[in-house]
Amino acid sequence: MTDETRPSTFIRDIILEHNRTGRFGGKVITRFPPEPNGHLHIGHAKAIAIDFGMAREFGGRCHLRFDDTNPTKESQEYVDGIMRDIRWLGFDWGPHLYHASDYFEQLYQWAEQLIRAGKAYVDDLSGDEIREYRGTLTEPGRPSPHRNRSVEENLDLFRRMRAGEFEDGAKTLRAKIDMASPNINLRDPVMYRIRKATHQRTGDAWCIYPMYDWAHGQSDSIEGVTHSMCSLEYEDHRPLYDWYLDALGIFHPQQIEFARLNVSHTVLSKRKLLQLVESGRVRGWDDPRMPTLAGLRRRGYTPEALRDFAERVGVTKSPNVVELAYLEHCLREDLNKRAQRRMAVLRPLKLVVENYPEGQVEEFEAVNNPEDASAGTRKVPFSRTLYIEQEDFRDPPPPKYFRLAPGTEVRLRYAYIVKCTGVGKDAAGNVTEVRCTYDPDSRGGDSKGRKVKGTIHWVSAQHAVESEVRLYDTLFTVPKPDDAEDYESVLNPASLEVLTGARVEPALGTAAPGERFQFERTGYFAVDEDSQPGRPVFNRAVGLRDTWAKIEKAAG
RNA sequence: UGGGGCGUGGCCAAGUGGCAAGGCGCGGGACUUUGGAUCCCGUAUUCGGAGGUUCGAAUCCUCCCGCCCCAACCA
């Protein structure tokens, strides 16, 4: 991308300005700081793209740092998942893997430094009392009765906190800032709390754990991070971020906030995502309906599409809800260029070619990808009994319908032009099979100048591989489920439809999990890990644009 | 309500005093052995609102309105 066409972002402008003034000596070091208490989702993809992308663009580097300051909520399972997902997305932190817990000792020493400077004190107030003393949005808070303990007493108490002499919640270490500050974060924020819990990395070495604000900026400083990007809700925390760094007199990174990404028809809060998993509404963190990177990957999304999306939605400070259609567009655009085409009949309807010799089999050459000649061709077997899509036959046909109907002609892709000669129905009047005759002169689908509007896909009944196809719809029926009073009521009961009798062309029988294809005229599908030898399972990642569906819908 | 942010077409988003980019979506057309893809064309006399400054304002000033975030020993 050239400088002229590259979207400008205010973050890039800030970095450019820093480079111009020499604030960080031209260095750009960023970090992506997930807390290992959940899996990464599409919103994180944007943050990752910004953190790693800015560093890459300016020839710097991006650290991966786990913000593991709350042992009661974090686990190794999440750590592993997060690293796997970031790598899959296409980013690499090289040797720069860090943990806030790497800095626990340094943080502790710095806390003592603040105590000695009279800028921190041990408080005996309970959680409820701290809240009471903090005041409200409109009323200032009141000082804790323990706010003016001597340095010696504070030091002694804090050391005993570390030594485990007090019970959980009995004491905290607080920064002594301003109980009347209009910014509530500055009303003597808690720096340490007592938690006699085993940490997934430091084990039982500690029973006091630093709060986010006390850990984050100092971790940035230790690592020499220059630009610390985070989401808008931390804007109110920047004064505190700055206060700690200044009070300590250590290297001072710049925190920059941007608006987090929201996508329509889904939720991205860790709480709600966890609720979906635990309530069993989805099959797990990697359910293809989930907006998690694991879910999107299983669904068939590519890292390229996700990165493209992250770049195209831009970076601003304004609240946003990006339409799902935009994400889907990015996937289609990527897969259109790269995915091989196959024929797959999702809802089979038998089609008998009456004048085609019983037992005869022909093979036709099918193009693997019209967008990429190097993808080559493959053979597709044809015989007297085929399956076509149920929706490709209508009796009577609606206006503008180009597909098969009694008496009409249609092209069987790559094969022959056939003419519908009859319909077989069961006692209830349901169409059970369609009969037709083929035109031997149209071999390969060549109409020889004749006008044949419709072309449909098919598979040979005796050669087709039976498979399961999972069709997904949005998890929620409304664009902004977060706005719903009762979010259960906007859950989409039809978010998953399982088709067990799909028939796919033989070439699909050996497809490996993770492979993606375009099923002609239907959509893009990924082979699911639930596939068994001889019985593949496909996930529909996204449908193809469907002009006919629009026409039919418009017609009512 | 005190503080911090944000308001440009249905959704994103450029624009930073000189005559409203682009993408998605939507509508129309061309082409087509995927009703796919591709290619054209159309889609804000107007930038939350009202005043003001200026030859000229989305961009500067004033006031007003709306939305989001903050009162965890979560991050």
Side-chain angles (χ1 to χ4, degrees), chain A residues 5 7-9 33-35 37-38 67 69-70 72-74 123 125-127 130-132 134-141 168-174 181-187 189-195 208-209 211-213 215-216 230-239 257 259 261 264 270 312-330 332-333 336-337 341 343 366-367 370-371 400-403 411-415 417 442 444-447 452-457 479 518-523 543-552:
Chain A
T5 59
S8 84
T9 80
E35 183 191 11
N37 69 342
D67 238 327
T69 55
N70 188 352
T72 61
K73 293 186 176 174
E74 299 155 5
D123 198 355
L125 256 30
S126 69
I130 286 181
R131 192 178 318 123
E132 260 184 65
R134 187 154 33 221
T136 67
L137 294 179
T138 51
E139 304 154 31
D168 281 13
K171 293 189 184 330
T172 56
L173 182 72
R174 297 229 258 163
S181 173
N183 181 343
I184 290 172
N185 292 303
L186 261 21
R187 318 244 262 230
V190 171
M191 295 167 65
Y192 277 95
R193 73 288 215 187
I194 300 172
R195 280 269 186 296
I208 57 172
Y209 291 94
M211 298 291 289
Y212 163 84
D213 288 298
H216 201 83
C230 59
S231 50
L232 247 30
E233 60 262 39
Y234 292 101
E235 213 152 16
D236 286 341
H237 292 243
R238 180 154 29 94
E257 312 84 10
L261 168 73
S264 74
K270 278 183 182 176
R312 289 165 76 156
V313 296
V315 184
T316 66
K317 296 183 73 141
S318 36
N320 61 80
V321 180
V322 178
E323 289 175 342
L324 215 216
Y326 206 172
L327 212 210
E328 294 183 331
H329 167 80
C330 292
R332 288 196 193 98
E333 192 170 83
N336 174 51
K337 289 178 303 191
R341 315 285 123 124
M343 290 202 284
V367 173
E371 307 294 321
K400 296 276 186 58
Y401 189 75
F402 301 159
R403 284 109 99 147
R411 173 187 294 106
L412 295 179
R413 176 140 237 226
Y414 297 124
I417 289 168
S442 63
D446 186 350
S447 63
V452 179
K453 263 287 203 181
T455 299
I456 64 175
H457 59 278
Q518 182 198 97
F519 288 177
E520 296 222 10
R521 305 207 310 132
T522 306
L544 247 28
R545 277 189 60 215
D546 191 347
T547 307
W548 167 245
K550 276 184 204 166
I551 294 171
E552 203 171 24

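Note on naming: letters A, B, ... go to the chains in the order of the sequence lines (proteins, then strands), and numbering restarts at 1 for each one. What's counted below: heavy atoms across the whole structure, side chains too, no hydrogens, waters or symmetry copies.
- Of the possible donor and acceptor atoms, one in the side chain of A:Y414 sits under 3.5 Å from a partner among the backbone N and O of A:V367.
- The CD-P distance, from A:E74 to B:rC74, rounds to 11 Å in whole Å.
- Under a 4.0 Å N-O distance rule, the pair A:E35/A:K73 does not qualify as a salt bridge.
- Counting only heavy atoms from C-beta on, A:V321 has its side chain closest to B:rC12 among B:rC12, B:rC73, B:rU34.
- Side-chain nitrogen and oxygen atoms of A:R193 include none within less than 4.0 Å of the OP1 or OP2 phosphate oxygen of B:rA72.
- Here A:P33 lies out of heavy-atom contact (under 4.0 Å) with every strand.
- Map A:V313 and A:T455 each onto its nearest nucleotide of RNA chain B; the residue landing nearer the 5' end is A:V313.
- Contact annotation for A:S447: no contact, since no heavy-atom pair falls under 4.0 Å across all strands.
- Comparing B:rU34, B:rA72, B:rA37 by their nearest atom to the side chain of A:E371 picks out B:rA37.
- Side chain of A:K550, nearest nucleotide from B:rC26, B:rC73, B:rG23: B:rC26.
- Note on ring orientation: taking the six-membered ring where Trp is involved, the planes of A:H237 and A:Y212 are perpendicular (angle over 60°, cut-offs 30° and 60°).
- Residues A:T138 and A:D168 each lie close to RNA chain B; by heavy-atom proximity, the contact nearer the 5' end of the strand is made by A:T138.
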Yes or no on side chain to side chain contact (heavy atoms under 4.5 Å, CB included) for A:N37 and A:N70, after CA distance, side-chain angles and deciding distance? CA-CA 9 Å; A:N37 69 342; A:N70 188 352; over 6 Å; no
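- A close approach under 4.0 Å does not occur between any side-chain nitrogen or oxygen of A:T316 and OP1 or OP2 of B:rC6.
- In this structure, A:R545 reaches the B:rA37 phosphate: one of its side-chain N or O atoms is under 4.0 Å from OP1 or OP2.
- Atom OG1 of A:T69 sits about 8.0 Å away from atom CE of A:M211, to the nearest 0.5 Å.
- A straight line from CG of A:D213 to C1' of B:rC73 spans 13 Å, rounded to a whole angstrom.
- For A:I456 and B:rG35, the CD1 to P distance is 10 Å, given to the nearest whole Å.
- No contact: A:R187 has no heavy atom under 4.0 Å from any strand.
- By the ring pair (Phe, Tyr, Trp, His ring centres under 6.0 Å) test, A:Y326 pairs with no residue at all, sequence neighbours left out.
- At the heavy-atom level, A:D236 lies under 4.0 Å from base atoms of the strands shown.
- The distance between atom CG of A:L232 and atom P of B:rG3, rounded to the nearest whole Å, is 18 Å.
- Residue contacts shown for A:T136 include a base, since a base heavy atom lies under 4.0 Å away.
- At the phosphate of B:rA72, OP1 or OP2 sits under 4.0 Å from a side-chain N or O atom of A:R131.
- Within the nucleic acid shown, A:H237 comes within 4.0 Å of at least one base atom, counting heavy atoms only.
- Nearest nucleotide to the side chain of A:M211, out of B:rG35, B:rA75, B:rC24: B:rA75.
- Between the CZ atom of A:R413 and the P atom of B:rG35 there is a distance of 8 Å, rounded to whole Å.
- Using a 4.0 Å heavy-atom criterion, one finds that A:K270 contacts no nucleic acid atom at all.
- Comparing B:rA75, B:rU1, B:rG35 by their nearest atom to the side chain of A:L137 picks out B:rU1.
- Using a 4.0 Å heavy-atom criterion, one finds that A:F519 contacts no nucleic acid atom at all.
- For A:R195, a side-chain nitrogen or oxygen approaches OP1 or OP2 of B:rC74 to under 4.0 Å.
- In this structure, the separation between OG on A:S181 and CZ on A:R187 is 6.5 Å, given to the nearest 0.5 Å.
- Listed nucleotides B:rG5, B:rG36, B:rC73 differ in distance to A:K317; the shortest reach to its side chain belongs to B:rG5.
- Ring-base stacking between A:W548 and B:rG35 is satisfied, the centre separation being under 5.5 Å and the plane angle under 30°.
- Here the side chain of A:S318 is nearest to one of B:rG2, B:rC73, B:rA13, namely B:rA13.
- Heavy atoms of A:L125 sit under 4.0 angstrom from at least one base atom.
- In this structure, A:R403 reaches the bases: a heavy-atom distance under 4.0 Å links it to at least one base atom across the strands shown.
- Contact annotation: A:H329 side-chain N/O to B:rC24 OP1/OP2 distance is under 4.0 Å.
- Protein atom CD of A:E233 is 8 Å distant from nucleotide atom P of B:rC70, rounded to whole Å.
- Listed nucleotides B:rC74, B:rG35, B:rG10 differ in distance to A:K400; the shortest reach to its side chain belongs to B:rG35.
- Ring stacking holds between A:F402 and B:rG35, with the centres under 5.5 Å apart and the planes within 30 degrees of each other.
- If you check every strand for non-hydrogen atoms under 4.0 Å, A:I551 touches a base.
- Under 4.0 angstrom from either OP1 or OP2 of B:rU34 there lies no side-chain N or O belonging to A:R411.
- Pairs of Watson-Crick or G-U wobble type, with distances under 3.5 Å, assemble into runs of 3 or more in RNA chain B at these ranges: B:2-7 with B:65-70, B:10-12 with B:22-24, B:25-30 with B:38-43, B:48-52 with B:60-64.
- Residue A:N320 contributes atom CG, which lies 7 Å from atom C1' of B:rC12 at whole-angstrom precision.
- One can place CD1 of A:I184 at 8 Å from C1' of B:rG2, the figure rounded to the nearest angstrom.
- When heavy atoms are screened at a 4.0 angstrom cut-off, A:Q518 is found touching base atoms of the nucleic acid.
- The side chain of A:T547 contributes an N or O atom lying less than 4.0 Å from OP1 or OP2 of B:rG36.
- When each of B:rG35, B:rA75, B:rC73 is scored by its nearest atom to the side-chain atoms of A:Y234, the top-ranked nucleotide is B:rA75.
- In B:rA21 the O4'-C1'-N dihedral to the base is more than 90° from 0, which defines an anti nucleotide.
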